[in-house]
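Let me begin by presenting the structure, written as structure tokens, before commenting on it.
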Amino acid sequence: MTSEELFKNLIAHAKEYGFIFPSSEIYDGLGAVYDYGQMGVELKNNIKNYWWNAMVRLHDNIVGIDSAIFMHPRIWEASGHVGAFNDPLIDNRDSKKRYRADVLLEEHIAKIEDKITKEVEKGRKKFGEAFDEAQFRATNPNVLRNAAKAAEIQAKMNAALNANDLDALKQLILDCEIACPVSGSRNWTDVRQFNLMFSTQLGSVSDEAGVIYLRPETAQGIFVNFLNVQKTGRMKIPFGIAQIGKAFRNEIVARQFIFRMREFEQMEMQFFVRPGEEIKWYEYWKNERLRWHQSLGLGNEKYRFHNHEKLAHYANAAADIEFNFPFGFKELEGIHSRTDFDLGRHQEFSGRKQQYFDPETNESYVPYVIETSIGLDRTFLAVLSAAYCEEQLGNGEERVVLRIPPVLAPVKLAVLPLVKKDGLPEKAQEILQTLRLDFNCRYDEKDSIGKRYRRQDAIGTPFCITIDHQTLEDDQVTVRYRDTMQQDRLSVAGLRALIDGQVNLRKWLPAAGNSSRQ
Ligand code: ATP
């Protein structure tokens with residue numbers, strides 16, 4: 001099966017089992033907007049919890065806030081979003097489809113990189129054991145030619161984006177002979193800039209002064225509360241403020257499921273540091289954040305850093321943590337050294353000092369900021385796509401299992417009476433009552449036990465507890481494990497400890513408390 005087919009199956013599965021529904025589906029949907037269903041909301045909450053605990057609970061110099069989505073419009077002038085939060089767009093005249101010029105070029109580069117990967121795989125097959133990949137990449141003429149081509153396009157694109165040269169971007173698309181995936185033609189318009197912020201009106205008067213924006217990032221809510229938190233929380237630099245919340249962007253390339261949405265959630269942390277110490281902290285947070293991702297056990301090879309060459313107007317260093325999604329490595333989290341840009345601009349635009357008095361150096365200064373910004377929905381997709389598995393079983397059957405890390409699984413255990421009579425449902429309910437405040441449990445008595453196991457596999461439930469006639473006599477149950485499908489006989493009294501040992505944060509989160517004091 002190709003990864004494209006697998007991805008399609010995953011999307012269908014996410015809908016069938018109540019993880020993600022297209023928004024407004026009975027009205028034919030709304031582009032790039034999705035709803036989370038009964039399973040999705042549990043998984044999403046567990047991811048939030050995992051992040052919040054790692055950032056806020058395990059660091060005594062990081063605190064959280066929850067700021068409003070609507071903010072004073074001047075904030076978005078100060079942050080640069082009104083003037084510069086743009087995407088370069090290009091339309092195909094035949095299909096009338098609109099694309100991001102940089103994404104068209106990146107996809108073209110990815111295709112060239114695919115060719116390189118195929119060539120390497122061919123070499124591996126040909127030379128077998130003796131294959132030396134590094135040497136092959138350094139000497140094979142096809143690989144070298146394609147690598148040079150990809151690097152040249154990348155360099156030209158970066159230069160055009162940095163110089164805001166829209167004509168050069170269009171020329172590069174023409175030179176690369178990129179065709180519209182829908183019409184197949186190369187009949188392109190000029191490239192134009194398009195602002196991604198949604199706007200609306202405050203109050204009843206619709207004039208220019210009443211225009212406000214839906215926030216395109218949660219970060220600014222943290223910056224404008226910097227002094228509120230610092231003073232009321234008596235915070236000493238270095239310290240951080242974390243926030244989880246909705247952000248809105250009028251994204252043009254509305255594809256790839258929940259990877260790129262118009263309404264999404266971010267989990268952001270702004271870490272305030274002494275000027276001159278920002279690169280040390282930037283490196284520190286790059287490592288810490290990668291460690292957090294890896295702690296989920298989805299596979300360390302699925303992550304990589306992408307260091308930015310083209311820096312945003314506010315940054316002096318930036319990297320993405322990319323994840324290997326079904327459609328390739330793409331950004332999952334951004335780590336940015338934002339200098340004193342944001343606080344400096346708010347100081348200028350509001351006329352209020354945004355300074356910190358450092359008792360250690362006896363100086364006042366505008367702090368520098370390291371930002372870690374991760375998409376909640378993209379993390380959801382990363383977990384789901386790493387977990388989704390279509391598995392052939394020994395007996396000729398097939399099962400779909402979600403190997404979601406137990407700490408994040410929407411349902412931790414299912415309680416299943418073997419039959420619907422002889423007092424088994426009552427016994428099952430009794431067990432359920434003792435566990436439901438500790439774990440999210442499900443009770444299921446319909447269909448054969450095999451079918452019920454499959455249903456739990458499909459939503460990623462790590463434990464199934466089966467109650468049979470023997471249970472009534474010896475208070476023992478069958479515990480069936482999702483990943484191995486193995487079964488154990490265990491006393492009811494031992495269930496809480498068994499499950500807790502697998503799903504508790506203690507087992508999962510690296511004990512990183514206090515380390516950000518350095
Ligand atoms: P991209 O280059 O993919 O558009 P970005 O660099 O604009 O992303 P940031 O502004 O750094 O993204 O936002 C931080 C994080 O928010 C991203 O790493 C991503 O996980 C998430 N994010 C950004 N835009 C979207 C979106 N449209 N849908 C879902 N998540 C998003």
Side-chain angles (χ1 to χ4, degrees), residues 79-81 83-90 99-117 137-138 143-173 175-176 178 191 193 196 216-217 219 249 251-253 259-260 268 278-287 289-290 293 303-325 327-342 368-375 378:
S79 68
H81 283 82
F85 193 52
N86 300 320
D87 271 349
L89 298 186
I90 190 164
Y99 300 92
R100 253 171 70 177
D102 55 333
V103 170
L104 278 182
L105 286 163
E106 271 165 11
E107 284 175 355
H108 184 69
I109 294 170
K111 275 189 195 147
I112 300 175
E113 282 167 352
D114 272 355
K115 279 190 194 159
I116 298 178
T117 313
R137 281 181 183 271
V143 170
L144 288 175
R145 188 170 24 81
N146 279 323
K149 199 154 110 190
E152 187 192 338
I153 299 169
Q154 184 78 53
K156 281 189 177 162
M157 180 178 90
N158 289 346
L161 288 172
N162 276 329
N164 204 10
D165 186 344
L166 303 182
D167 292 340
L169 269 183
K170 176 173 180 186
Q171 195 53 49
L172 193 55
I173 288 172
D175 292 347
C176 291
I178 296 174
V191 179
Q193 292 288 19
L196 295 180
E217 62 177 27
R249 297 182 187 177
E251 299 274 10
I252 297 311
V253 183
F259 179 81
R260 190 175 298 288
E268 296 199 304
E278 70 275 13
I279 296 301
K280 173 181 101 180
W281 285 111
Y282 165 72
E283 293 299 338
Y284 170 83
W285 280 110
K286 264 176 79 176
N287 275 331
R289 293 304 305 145
L290 184 64
H293 286 284
Y303 302 90
R304 72 180 187 196
F305 280 120
H306 166 71
N307 293 317
H308 285 207
E309 284 169 28
K310 176 187 185 290
L311 292 174
H313 57 280
Y314 50 73
N316 69 359
D320 299 334
I321 295 178
E322 295 187 336
F323 184 80
N324 196 1
F325 288 100
F327 36 84
F329 274 100
K330 297 269 178 213
E331 173 176 345
L332 174 59
E333 170 156 10
I335 295 132
H336 307 124
S337 172
R338 293 178 77 125
T339 68
D340 59 353
F341 176 82
D342 301 270
Y368 272 44
V369 172
I370 308 302
E371 165 183 79
T372 69
S373 173
I374 170 173
R378 285 191 192 175

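Residue indices begin at 1 and follow the sequence shown. Bear in mind the structure is a predicted one, so any value in this text is a computation, not a measurement.
The structure places OH of Y282 at 10.5 Å from CG of N287, a figure rounded to the nearest 0.5 Å. Here CD1 of I112 is found 12.5 Å from CD of E107. Values are rounded to the nearest 0.5 Å. Note that CG of L332 and CG of N324 are 11.5 Å apart. Values are rounded to the nearest 0.5 Å. One finds the CZ atom of R304 at 4.5 Å from the CD atom of E322 (value rounded to the nearest 0.5 Å). Between D102 atom CG and I90 atom CD1 the span is 11.0 Å, to the nearest 0.5 Å. The line from NZ of K286 to CG of D320 is 10.0 Å long, rounded to the nearest 0.5 Å.
For R289, the salt bridge (charged side-chain N to carboxylate O under 4.0 Å, His left out) partners at least two apart in sequence or on another chain are E333. With sequence neighbours left out, E309 forms a side chain to side chain contact (heavy atoms under 4.5 Å, CB included) with N158.
The pair R338-E268 fails the salt-bridge criterion, with no side-chain N (NZ, NE, NH1 or NH2) lying under 4.0 Å from an Asp/Glu carboxylate O.
Both tests do not hold together for R378 against F323: distance to the six-membered ring centre under 6.0 Å, angle to the ring axis within 45°.
Residues L290 and I321 approach most closely at N-CD1, 3.8 Å, considering heavy atoms. Across all non-hydrogen atoms, the minimal contact from P216 to H81 is CG-CD2, 3.6 Å. Of all the heavy atoms in A319 and N307, the pair that sits closest is CB-OD1, 3.4 Å.
Looking only at side-chain heavy atoms (C-beta outward), I370 and H336 stay at 4.5 Å or farther from each other. Side-chain contact between E217 and R249 is present, with at least one heavy-atom pair separated by less than 4.5 Å. At least one side-chain heavy atom of M157 sits less than 4.5 Å from a side-chain heavy atom of E106. You'll find the side chain of L105 reaches within 4.5 Å of the side chain of I173, heavy atoms only.
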Donor-acceptor contacts under 3.5 Å from residues 144-155 side chains, at least two apart:
| from | atom 1 | to | atom 2 | distance (Å) |
| --- | --- | --- | --- | --- |
| R145 | NH2 | N142 | OD1 | 2.6 |
| N146 | ND2 | N142 | O | 3.4 |
| E152 | OE2 | K156 | NZ | 3.0 |

Exercise. Do L89 and R100 pass the side chain to side chain contact (heavy atoms under 4.5 Å, CB included) test, and can you show the C-alpha distance, the side-chain angles, and the key distance before you say yes or no?
Worked result: CA-CA 5 Å; L89 298 186; R100 253 171 70 177; 4.0 Å; yes
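Using cut-offs of 30° and 60° on the angle between ring planes, the pair Y303 and H293 is tilted. Taking the six-membered ring where tryptophan is involved, the planes of Y284 and W281 are perpendicular, since the angle between them exceeds 60° and thus also 30°.
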